[in-house]
Amino acid sequence: MSQAQAVTQSSADVLAEKIRSRTARVGVVGLGYVGLPLAVEFAKAGFHVTGIDVVEGRTARVNAGDSYVADIRSSDLAPLVKSGKLRATTDFSVVKELDTINICVPTPLRKTKDPDMSFIVSSCQEIAQHFHSGMLVILESTTYPGTTDEVVLPMLEQSDLKVGRDFFLCFSPERVDPGNPKFQTANIPKVVGGTTAACTEMGRLFYAQALEKVVPVSSTRVAEMVKLLENTFRMINIGLVNEIAMMCDRIGINVWEVIEAAATKPFGFMPFYPGPGLGGHCIPIDPFYLSWKTKQAGIEARFIELAGYINGQMPHFVVDKVQHALNDASKPVKGSHIHVLGVAYKKNIDDVRESPALDIMLLLKQRGARITYSDPHVPSLKLDGLAMDSSAVETAAAADCVVIVTDHTAFDYGAVAKSAKLIVDTRNALKGVAAPNIVRL
Ligand SMILES: NC(=O)c1ccc[n+]([C@@H]2O[C@H](COP(=O)([O-])OP(=O)(O)OC[C@H]3O[C@@H](n4cnc5c(N)ncnc54)[C@H](O)[C@@H]3O)[C@@H](O)[C@H]2O)c1
């Protein structure tokens, strides 16, 4: 056996043994909706986990056992911190002591719809300063195919360490669905692909310690593409059903009833639902990572562009519906009081990133309406640079029109239906309630 092979076996074997015995020191970079639940799962599995974040307020709260992520209860976090299994820091020099790192930093779009790689690049620059042999690095941030091997690998290999021999690099798409009571980090199958076969195997072994099912794939590019297929599939089907909703509206058919009946087909149909527009960190953004990449290869992502356009029209469609509903009640939008129920981008969560509610409120405000809102998950927000606080749901009764934008379970829809003068329901939250004051999408 050559000396190089001996080193190969040694680095891989030592790390694999640390992972199997759960003595590997695990690091998670970026403690948000994705990173904090992941850190908690590995700490629960018995590893010593260190979370690294650039926001001191976040690391301080983790160290105080105080969760700021809705899916993680403080009562689950605090014992892990107390027992020393989980700690958080802003100091990247801890990388020296770590065996594994999962990178879970944001990947937004620039205004031009180009990928913003700055968070991945800056975290990898920090990691590279303290990087050492025998480490496993897994990128989890959603990104375009090629990022792991083209952007991350050169930053880590520059220190003379060879991937697949001295260290191991993978991509694993994060599929967490905040607010989903059934599927969470531990029981969502985890796809992982490495730069080399040895990397994939190390990634598989790592996740198998804490998560229920691991799905290895042949490369980082396949793993990166898996996530983009999943989210593009969703975005395009939502675009399709939004277009169908606008068609049904024009020809006077209840789209919700159509979907409900179509969904009784036991094969070949999967229901998607229309709504006020796309929100969140993933569905409105991720497909544009793919279209940006394929444009460079000379392929225009036409489905993505079209669905993006239709979904982007939905807040305008809702605002027009509100305007027509008010006009039918002989009221102009200008000067009317409009109360929005739910501002998070989807039900039962507190996230307003990219939320269509913000667009709808702004458009209505620009047309001269006075806006209030209720959301038990979002106590305050900024609209057009101005701070707003959530009002009591009872405010709905005083409004000229109530717009149901997010169908949180906490709202008493029956009470709203009874007390409101006029309701525009963009989520079919008032399913089965027939009244002349209810206008549906
Ligand atoms: N939120 C979701 O539902 C979801 C689902 C699947 C995939 N994703 C993807 O996962 C990634 C993370 O998303 P998220 O929702 O957890 O984001 P988030 O904004 O909730 O959390 C990201 C964290 O990273 C920290 N951070 C930023 N720059 C950093 C740096 N240089 N070093 C260390 N920490 C840094 C931020 O302070 C923040 O705490 C994104 O690529 C996103 O597209 C998110």
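Both ligands and their constituent atoms are indexed starting at 1 by order of listing.
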So is there a nitrogen or oxygen of Glu174 less than 3.5 Å from a nitrogen or oxygen in ligand 1?
-> no
Just which atoms of ligand 1 are under 4.0 Å from any heavy atom in Val176?
-> 3 (O), 5 (C)
What protein heavy atom sits nearest atom 25 (C) of ligand 1, and how far off is it?
-> Asp53 OD2, 3.2 Å
At under 4.0 Å between heavy atoms, what of Phe92 touches ligand 1? The answer is side chain
Give yes or no for whether the N/O distance cutoff of 3.5 Å, strictly under, is met between Ser122 and ligand 1.
-> yes
Atom 15 (O) of ligand 1: the protein heavy-atom neighbour that sits closest, reported with distance to 0.1 Å | Arg353 NH2, 3.2 Å
Would you tell me whether Thr395 and His339 have side-chain atoms, one donor and one acceptor, within less than 3.5 Å of each other?
-> no
Enter the distance from Lys293:NZ to Glu224:CD here, rounded to the nearest 0.5 Å.
-> 8.5 Å
Region of Glu126 that comes within reach of ligand 1 [heavy atoms, distance under 4.0 Å] | neither
If you take all heavy atoms of His408 and Lys346, which pair is closest and at what distance?
-> CE1-O, 3.7 Å
Mark yes or no for whether Ser355, through its side chain, and Val343, through its backbone, hold a donor-acceptor pair below 3.5 Å.
-> yes
Are a donor atom and an acceptor atom from the side chains of Thr143 and Ser141 found within less than 3.5 Å of each other?
-> no
Going by distance alone, is a donor N or O of one side chain under 3.5 Å from an acceptor N or O of the other, for Asp91 and Ser93?
-> yes
Geometric N/O contact Val29 with ligand 1, under 3.5 angstrom | no
Does Asp286, backbone or side chain, put an N or O under 3.5 Å from an N or O of ligand 1?
-> no
Does the separation of the ring centres of Phe42 and Phe206 fall below 6.0 angstrom?
-> yes
Among protein heavy atoms, which sits nearest to atom 3 (O) of ligand 1, and what does the distance come to when rounded to 0.1 Å?
-> Pro178 CD, 3.2 Å
Hey, do the aromatic rings of Phe92 and Phe131 have their centres closer than 6.0 Å?
-> no
What's the shortest distance from atom 30 (C) of ligand 1 to any protein heavy atom, and which residue and atom give it?
-> Val54 CG1, 3.6 Å
For atom 4 (C) of ligand 1, closest protein heavy-atom neighbour | Cys282 SG, 3.4 Å
Ligand 1 to Val55, heavy atom cutoff 4.0 Å, flagged ligand atoms 37 (O)
Under 3.5 Å, N or O to N or O, is Arg58 touching ligand 1 that way?
-> yes
Quickly, which of Val439, Val433, Leu430 forms a side chain to side chain contact (heavy atoms under 4.5 Å, CB included) with Ile423? Name it, please.
-> Leu430
Identify, by atom number and element, the atoms of ligand 1 in contact range of Phe119, meaning under 4.0 Å from any of its heavy atoms.
-> 27 (C), 28 (N), 31 (N)
Under 3.5 Å between some N or O of ligand 1 and some N or O of Arg175?
-> no
Which bit of Glu230 is near ligand 1, meaning a heavy atom under 4.0 Å away: side chain, backbone, both or neither?
-> neither
Kindly indicate whether the side chain of Val95, heavy atoms from C-beta on, has any atom under 4.5 Å from the side chain of Ile52.
-> yes
For atom 11 (C) of ligand 1, find the nearest protein heavy atom and state the residue, atom name and distance (0.1 Å precision).
-> Val105 O, 3.4 Å
Taking distance alone, with no angle check, do Lys227 and ligand 1 share an N/O pair under 3.5 Å?
-> no
Heavy atom of the protein closest to atom 9 (C) of ligand 1 (residue, atom name, distance) = Thr142 OG1, 3.5 Å
Can you tell me if Ser172 and Lys190 form a side-chain donor-acceptor pair at under 3.5 Å?
-> yes
Are Leu86 and His48 side-chain neighbours, meaning at least one heavy-atom pair lies under 4.5 Å?
-> no
Mode of Pro173 contact toward ligand 1 - side chain, backbone, both, neither (heavy atoms, under 4.0 Å) = neither
Val191 versus Val215: any side-chain heavy-atom pair under 4.5 Å?
-> yes
Examine the side chains of Tyr207 and Asn102 and answer whether a donor and an acceptor come within less than 3.5 Å of each other.
-> yes
For atom 44 (C) of ligand 1, find the nearest protein heavy atom and state the residue, atom name and distance (0.1 Å precision).
-> Val34 CG2, 3.4 Å
Heavy-atom distances under 4.0 Å are what count here, so tell me which part of Cys104 touches ligand 1: side chain, backbone, both or neither.
-> backbone
